[in-house]
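Heads up, the thing below is written out as structure tokens.
In each ligand, atom 1 is the first atom listed, and ligand 1 is the first ligand listed.
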Amino acid sequence: MNTISPSDIARLERLVQDARKIALTAHMRPDGDAVGSCTALYHCLTDMGKDAVIVFPDPSPDYLGFITGTIDKGRLTDFESDPQGTAEAFSGCDLIFSLDYNAFHRCGKMEQTLAESTAKKVLIDHHLNPDRDLFDLVFSETGTSSTAEYLYHILLMTHRYGGDAKKLPAAAAAALLTGMTTDTNNFANSVFPSTLRMASSLLEAGVDRDSIIGHLYHEYREGRIRLMGELLSRNMKITRDGVAYIVLDRQTMEKYGLKEGDTEGFVNIPLSIGRVRMSCLFKEDEDRIRVSLRSKKGVSANRCAALYFNGGGHELAAGGKLAVPEDVKSIRDVAGYAERVTHDFMNNRENM
Ligand code: 5GP
Ligand code: MN
């Protein structure tokens, strides 16, 4: 991780000090890192006596309820459920934080409302290629496990917390550890020395990691595990180029009674097979096919997502979408498309 500039911290402190109302935002279909980072910053700002609200593009998934449950009533909303309230939150605030995304288009339908706000904007993110021009202050760092970890280091540099994790509000500390835990897939990927230092200080500060792990990994719906079995035994294909892919249609999701967030982490599983170098999960959505990619070192999931799936992300973990009918006519054509483009991708030296 690069050193965080003390002058940027001073600017951040001034922006917060001068703000009357603050809105915290994250990317669409917020994951543990997005929800954890927003919740943590919300508690820190509230702790400072600031008027803060969290506005997501769409609702936070049920499995993160143990984190969002700490947010005060009426302080968490989303564009999908309340577009009017969201527009008012943006027009009525003087500072907006963008957490865990690098450009407004990652906020889906909320993009325009967000872009139109005249509030000052601060980015805190760990993705490649931040759209710097959109923001008044940019904290962007790819050499960190997660936005939650990066936010932790930023918070500790402020006068208020002065390098002492024990001074963080307890709910913020727990949310930060949760965000880091989900984005590293429980310490499996993107763990840096600074990540372990963060985890260590948060444990010392009293965060109950066992409880977080219990909520994240021991409370799944039965349908999730049964669907996982079906997908791995029947749907998963492995190409001769070492690409594993799974196509999941809505009918199957419904058959197992699953909701948004219930398939979190599925895409990682095929990577545990020796000959698999990249894993792709295609999930049928209302008007598109959502794509998740994970790769092993030496194969760029980010590049593959950008070249063939209208997306991007990190070097080894990326996502995107296929438009229907522009990219593929229907979910039935996804397998053919995946086979073709990943074959081209894996056989082009520039991508390795
Ligand atoms: P996931 O597969 O967990 O949905 O996403 C993996 C990573 O890729 C995340 O860091 C996420 O922010 C990024 N990502 C997912 N979908 C998109 C997309 O459509 N565009 C871009 N630029 N990044 C994405
Ligand atoms: Mn993240």
Side-chain angles (χ1 to χ4, degrees), residues 25-41 56-58 60-61 63-64 67 97-111 123-131 134 139-152 175-186 188-192 195 198 244-246 248 260-271 278-283 285 287-295 300-323 327:
T25 65
H27 55 79
M28 59 186 151
R29 295 194 175 77
D31 58 3
D33 193 25
V35 174
S37 299
C38 284
T39 306
L41 187 53
F56 291 136
D58 36 33
S60 172
Y63 79 99
L64 295 170
I67 293 294
F97 279 92
S98 294
L99 298 175
D100 202 35
Y101 65 94
N102 55 3
F104 292 156
H105 69 82
R106 295 283 293 119
C107 293
K109 293 186 181 128
M110 190 169 90
E111 173 179 2
L123 176 75
I124 303 179
D125 178 50
H126 71 133
H127 290 92
L128 298 159
N129 314 319
D131 199 341
L134 302 174
F139 291 92
S140 172
E141 169 66 65
T142 54
T144 182
S145 64
S146 52
T147 298
E149 181 198 328
Y150 191 35
L151 173 62
Y152 164 87
L176 290 170
L177 194 66
T178 303
M180 183 274 281
T181 301
T182 57
D183 248 30
T184 59
N185 193 13
N186 201 8
N189 319 314
S190 306
V191 171
F192 294 80
T195 316
M198 169 217 193
Y245 69 90
I246 294 173
L248 175 53
E260 187 55 47
D262 285 334
T263 55
E264 187 75 35
F266 275 20
V267 65
N268 294 308
I269 302 170
L271 274 194
M278 184 161 73
S279 167
C280 318
L281 175 69
F282 299 95
K283 234 169 98 176
D285 206 347
D287 55 348
R288 59 176 65 173
I289 315 283
R290 294 213 332 259
V291 185
S292 275
L293 301 179
R294 300 291 183 271
S295 59
S300 173
N302 175 58
R303 195 165 156 75
C304 188
L307 281 174
Y308 300 110
F309 300 114
N310 310 300
H314 310 285
E315 194 59 13
L316 305 180
K321 55 196 162 299
L322 287 174
D327 297 317

Exercise. Do the charged groups of Arg29 and Asp285 touch, with an N to O distance under 4.0 Å?
Worked result: yes
Exercise. Do you know which two heavy atoms are closest between Gly36 and Ile67, and how far apart they sit?
Worked result: CA-CG2, 4.5 Å
Exercise. Would you say Thr263 and Leu248 make side-chain contact, with heavy atoms under 4.5 Å?
Worked result: yes
Exercise. How does Arg290 reach ligand 1, by side chain, by backbone, by both or by neither, if only non-hydrogen atoms under 4.0 Å count?
Worked result: neither
For this session: Please confirm whether His27 comes within less than 3.5 Å of ligand 1 when only nitrogen or oxygen atoms on both sides are compared.
Result: no
Exercise. Counting heavy atoms only, which of Gly312, Ala301, Gly265, Gly311 comes nearest to atom 23 (N) of ligand 1?
Worked result: Gly312
Exercise. Does ligand 1 have a heavy atom under 4.0 Å from the side chain of Arg106, from its backbone, from both, or from neither?
Worked result: side chain
Exercise. Between Leu151 and Leu41, is a side chain to side chain contact (heavy atoms under 4.5 Å, CB included) present by the stated rule, with each step listed?
Worked result: CA-CA 8 Å; Leu151 173 62; Leu41 187 53; 4.1 Å; yes
Exercise. Should you measure from each heavy atom of His314, which atoms of ligand 1 turn up under 4.0 Å away?
Worked result: 10 (O)
Exercise. Got a sec: is His127 within less than 2.8 Å of the Mn ion (ligand 2) via an N/O/S atom?
Worked result: no
For this session: Give the residue and atom name of whichever protein heavy atom lies nearest to atom 15 (C) of ligand 1, and the separation in Å to one decimal.
Result: Gly319 CA, 3.4 Å
Problem set entry | Contact flag Asp125/the Mn ion (ligand 2), N/O/S atoms, threshold under 2.8 Å | no
For this session: Measure Ala317 to ligand 1 on non-hydrogen atoms and call it side chain, backbone, both or neither using the 4.0 Å cut-off.
Result: backbone
Seminar exercise, completed: Closest to atom 6 (C) of ligand 1 among protein heavy atoms sits Arg294 NH1, 3.6 Å
Exercise. Hey, is the Mn ion (ligand 2) within less than 2.8 Å of some N/O/S atom on Asp33?
Worked result: yes
For this session: Report yes or no: does His127 have a heavy atom closer than 4.0 Å to ligand 1?
Result: yes
For this session: Please report the shortest heavy-atom distance between Thr144 and His126, naming the atom on each side.
Result: CG2-CB, 3.5 Å
Exercise. Can you name the nearest heavy-atom pair linking Ser145 to Thr184, along with the distance?
Worked result: CB-CG2, 3.5 Å
Exercise. So do the side chains of Asp327 and Asn310 get within less than 4.5 Å of each other, counting heavy atoms only?
Worked result: yes
Exercise. side-chain contact (heavy atoms from CB on, under 4.5 Å) with Val291: which of Tyr245, Tyr308, Phe309?
Worked result: Phe309
Exercise. Any donor-acceptor pair under 3.5 Å linking the side chain of Asp125 with the backbone of Tyr101?
Worked result: yes
For this session: Return the name of the atom in Asp183, of element N, O or S, nearest to the Mn ion (ligand 2).
Result: OD2
Exercise. So Asn302 and Leu128, side chain to side chain contact (heavy atoms under 4.5 Å, CB included) or not? Walk me through it.
Worked result: CA-CA 9 Å; Asn302 175 58; Leu128 298 159; 3.4 Å; yes
For this session: Check ligand 1 against Ser292 and write out every atom of the ligand that is under 4.0 Å from a heavy-atom position of the residue.
Result: 1 (P), 2 (O), 4 (O)
Problem set entry | Atom name, Asp100 (N, O or S, nearest to the Mn ion (ligand 2)) | OD1
For this session: Using the six-membered ring wherever Trp is involved, compare the ring planes of His127 and His314 and label them parallel, tilted or perpendicular (cut-offs 30° and 60°).
Result: parallel
Problem set entry | 4.0 Å heavy-atom contact, Glu264 with ligand 1 | no
Problem set entry | Closest approach of any protein heavy atom to atom 19 (O) of ligand 1, naming residue and atom | Gly320 CA, 3.4 Å
